[in-house]
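One structure is given below, encoded as structure tokens.
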Number of protein chains: 4
Amino acid sequence: MTALTLDTAIKIIEAAFAKGAELKLKPLGVSVLDAGAHLVAFQRQDGASFLRPQMSAGKAYGALAIGMGSRRAEAFAKERPHLMAGVSDVSGGRILPVVGGVLIRDKSGAIVGAVGISGDTSDNDEAAAIAGIEAAGFTADPG
Amino acid sequence: MTALTLDTAIKIIEAAFAKGAELKLKPLGVSVLDAGAHLVAFQRQDGASFLRPQMSAGKAYGALAIGMGSRRAEAFAKERPHLMAGVSDVSGGRILPVVGGVLIRDKSGAIVGAVGISGDTSDNDEAAAIAGIEAAGFTADPG
Amino acid sequence: MTALTLDTAIKIIEAAFAKGAELKLKPLGVSVLDAGAHLVAFQRQDGASFLRPQMSAGKAYGALAIGMGSRRAEAFAKERPHLMAGVSDVSGGRILPVVGGVLIRDKSGAIVGAVGISGDTSDNDEAAAIAGIEAAGFTADPG
Amino acid sequence: MTALTLDTAIKIIEAAFAKGAELKLKPLGVSVLDAGAHLVAFQRQDGASFLRPQMSAGKAYGALAIGMGSRRAEAFAKERPHLMAGVSDVSGGRILPVVGGVLIRDKSGAIVGAVGISGDTSDNDEAAAIAGIEAAGFTADPG
């Protein structure tokens, strides 16, 4: 498995912010987690709300927990609300099952971590996450 | 009451993995809990996500909590969402009310523990749990 | 970094139990965690108390959190009780800062996981953990 | 009150890492919190343990909670252990009352945030935090 280095995490965040600027998004919070769902790097743009750390990390955490991008987590949450609520419960309440948590896959397809973004609409958050992952040379898997 | 020994728990896990290999399932996490909902054995196959310990145990815990396999827990969660959410709340958030938590019953019908599996679809998780319990000479009660 | 496979984890547990039998230890609970402190395998011998899952995992978790075997965690807890209590607090109460949590290091010295054992005296728990790790071809770092 | 911008937070982290390299410290985790104790930026160097996010933030959180650098928090914890344990309890367990959490003060002396570092000895963690804050043009208050 490819390791997710701090350098990679920072590249992802910077490219996500660049995408946010291009799309004129609201201020974002961006969390980059390793495959074990532990934080590698986080940045909150000026003006983003105080809870963006937890919200962005919660999208990435949920994606890693089920091994699918959070677009799938949100679909599950709509179809089987008790499923995602239960997964969040057993995680200690760490999951935000909403679009904007994107898996980072290496060339072999292995999951090396996930990016979660919160600040604008869920779809825009996701677009910035995908841009960040691709700029760093990895494959984005939004679910 | 028949005691749930470690030997039995390991037999169950190995037979569940064998079923998973036969059905070509994704990597699984398997928890075996005793009748008091305490962990006897757990194994996580290489490549299974970091949260499989809690997710698999959460299915088995929920089954033991209501004295019915987690297929019934999921049915309850659909019909009366507040019921299973509340049961999880009072347990300290330990329940995943989803198919794949199967009670282990002895010849007399007494509950001696439960198996929870997480990794593939809920139905496949349950199939592996049933195979494991039956291979160990017990009766599987999926709810 | 060397990955901690399920096969390795099981080898460690079996060799730890063999050491326990040799030393005539009380029934043990053995947790094997990966480098991100997530459970790979657990086994509880017949007669071991219901809390051995959490106690054994708590020793291994604390060792990984501070990057030193739990013999050092226990020394810190004696010298600076607020330090280990605080680390446990920020972990969500997951740490048992007591001898018996041993880091698993590969040839290069990198931490690939940790073993925690609970059931007999702390020193005996540690001896079984070391025996398990060495039998699997890794270096045991008790702190 | 001077706002703690993301640019400032990143400057602080980079200067803290530079100090760490100069002093040949172990891999560090660095959290920068605003005056409301919410995360602005975090970076974990390759090889730092999985719990460094919570440990570094816990030092900064404790400093902000009592309005004094965490050197004072640790002194309190030694003199009146129940005091810091209680403060951590009412915070939901978010405090690590140990040296290495340093208040960021502006020219007027107002608290604009705090830096928490975890990875090497507490004194070295603190030295890196002070270097980071001063490099960004603020006054470091270690307590």
Side-chain angles (χ1 to χ4, degrees), chain A residues 1-4 31-40 57-70 72-73 75-97 101-114 116 141 143, chain B residues 25-29 31 33 37 39 44-63 65 70-101 116 118-123 125:
Chain A
M1 196 188 80
T2 313
L4 179 60
S31 289
V32 182
L33 275 58
D34 64 24
H38 299 297
L39 194 64
V40 176
K59 292 181 179 184
Y61 190 106
L64 290 163
I66 62 169
M68 293 181 258
S70 73
R72 287 292 291 280
F76 282 137
K78 288 175 180 166
E79 296 157 17
R80 295 165 78 191
H82 56 282
L83 169 64
M84 287 313 300
V87 177
S88 187
D89 278 357
V90 298
S91 79
R94 297 190 180 172
I95 292 176
L96 177 54
V102 181
L103 293 177
I104 308 167
R105 291 188 184 272
D106 66 14
K107 309 280 178 199
S108 74
I111 296 169
V112 300
D141 177 359
Chain B
L25 304 188
K26 291 186 193 166
L28 305 175
S31 289
L33 275 59
L39 193 65
R44 179 159 56 107
Q45 291 186 301
D46 301 341
S49 104
F50 71 95
L51 199 65
R52 298 299 173 192
Q54 292 84 345
M55 292 167 74
S56 57
K59 292 181 178 183
Y61 189 107
S70 73
R71 186 166 284 278
R72 287 292 292 279
E74 183 155 5
F76 282 138
K78 287 176 180 166
E79 295 157 18
R80 298 165 74 194
H82 55 283
L83 169 63
M84 287 313 300
V87 176
S88 185
D89 280 355
V90 298
S91 78
R94 297 190 181 172
I95 293 176
L96 178 55
V98 165
V99 168
S118 178
D120 203 281
T121 66
S122 300
D123 286 345
D125 292 341

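Just so it is clear, the model here is predicted, and its values are computed rather than measured. All chains are named by letter (A, B, ...) in the order of the sequence lines, taking the proteins before the strands, and each is independently numbered beginning at 1.
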Evaluation steps, side-chain contact (heavy atoms from CB on, under 4.5 Å), between B:Leu28 and B:Asp125:
CA-CA 8 Å; B:Leu28 305 175; B:Asp125 292 341; 3.8 Å; yes
After noting the C-alpha distance and the side-chain angles of A:Val87 and B:Met55, does the key distance pass the side-chain contact (heavy atoms from CB on, under 4.5 Å) rule?
-> CA-CA 6 Å; A:Val87 177; B:Met55 292 167 74; 3.9 Å; yes
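Although no hydrogens or angles enter the test, the distance criterion places no donor-acceptor pair under 3.5 Å between the side chain of A:Ser88 and the main chain of A:Ala85. At least one donor-acceptor pair under 3.5 Å links the side chain of B:Ser70 to the backbone N or O of B:Gly100.
The residue among B:Lys26, B:Arg94, B:Gln54 with the most heavy atom pairs within less than 4.5 Å of chain A is B:Gln54. Note: B:Pro97 leads B:Pro97, B:Gly58, B:Gly119 in heavy-atom pairs under 4.5 Å with chain A.
At a 4.5 Å heavy-atom cutoff, the contact between A:Ala65 and chain B is made by backbone and side-chain atoms alike. For a residue to count as touching a neighbouring chain, one of its non-hydrogen atoms must lie under 4.5 Å from one of that chain's; by this rule B:Ser122 touches chain A with the side chain only. Residue contact with chain A, scored on non-hydrogen atoms closer than 4.5 Å, involves the backbone and the side chain of B:Leu96 alike. Looking at B:Pro81, there are no atoms closer than 4.5 Å to chain A (heavy atoms on both sides), in backbone or side chain.
Between B:Thr121 and B:Asp123, the side chains place no donor N or O within less than 3.5 Å of an acceptor N or O (distance only, hydrogens not considered).
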